[in-house]
Novice: 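One structure follows; several queries about it will come next.
Worth saying up front: this structure is predicted, and the values here are computed from it rather than measured. Computation of the quantities below employed the complete heavy-atom set of this structure, encompassing side-chain atoms and omitting hydrogens, waters and symmetry-equivalent molecules. Numbering of ligands and ligand atoms starts at 1, following listing order.
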Amino acid sequence: MTAATTLFKLQEVDLELLKHASTLSAMPQRKRLQTIELAARKVATELKGIVGQRKDAETEIADAEEALEHYREKTAEVQAAADAGEHTHREIRDFEQQLTSLAKRIEKSEYTLRPLRERLEKLELAERNARATAERLEAERSATESALSEGTASLRAEIVRLSRERDELAGSLSPELLERYEAARKRFKGLAVERLRGNVPSVCRVKLQPSSFHDLAQGEEITECPYCHRILVTSEEGQE
Ligand SMILES: [Zn+2]
């Protein structure tokens, strides 16, 4: 293969690779995966907030229960003391006052606990829902990834094959020419090389002036288009 033929073949392979890469990135599953990822992040943030609130509620409930337990024990103690032996009127009045005050505290603790327990129940439900949503999203992500992987298996195999072919073609060009090609490829988005057909370059299609056509025809086979500055091959197809 001549250098000119190799250049065209390389360009063909590169264009094919570009096309495959864009097909891959346009797969509908990719869009779906992005949507899933956003939803999963949102749920994770929500879940973190819910878990924090749930733990706070549990702490508040534990504190209130501890206080309640303390007042109940205290009540039993006072009651036991009141029941033991004879007491003066004054002592009996003191016991009664203590028991009344403890009963009020117990009532207050129970009153505090009710809404706290309701709140905890709601938070536990919200937490279960959020965890279920997170699991559902994870399952959907995994299924979408499998579908994407299956749907693109042949395409990815083709990309691997083309990449190997590209390496071989690139390796057979001189480093200088390869460097020129790579620079032109980036500059012209893949269409780096054109061929002179008659006196018209195949990509930019700007008809050459007779004088520059004459100069180019006499010069190197691989040169530069005077108009668009792509790599220009001056030989006819199959005749290089
Ligand atoms: Zn040109």
Novice: Would you please say whether a donor-acceptor pair under 3.5 Å links the side chains of T2 and T5?
Specialist: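 Short answer, yes.
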
Novice: If I take every N, O or S atom of H229, is at least one of them less than 2.8 Å from the Zn ion (ligand 1)?
Specialist: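 Checking H229: none of its N, O or S atoms is under 2.8 Å.
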
Novice: With side chains defined as the heavy atoms from C-beta onward, is the minimum distance between L17 and S163 less than 4.5 Å?
Specialist: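 Touching, per the 4.5 Å side-chain cut-off.
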
Novice: Check this for me, if you would: do E140 and R32 make a salt bridge, where the nitrogen-to-carboxylate-oxygen distance has to be below 4.0 angstrom?
Specialist: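 Yes, E140 and R32 are salt-bridged.
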
Novice: What's the SG-the Zn ion (ligand 1)-SG angle here (C228, C225), rounded to 10 degrees?
Specialist: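 Taking the Zn ion (ligand 1) as the apex, the two atoms subtend 110°.
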
Novice: Less than 4.0 Å between a side-chain N and a carboxylate O, is that true for E168 and R164?
Specialist: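 No, this pair does not count.
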
Novice: Identify, by name, the N, O or S atom of E194 lying closest to the Zn ion (ligand 1).
Specialist: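 Distance check against the Zn ion (ligand 1) picks out OE2 in E194.
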
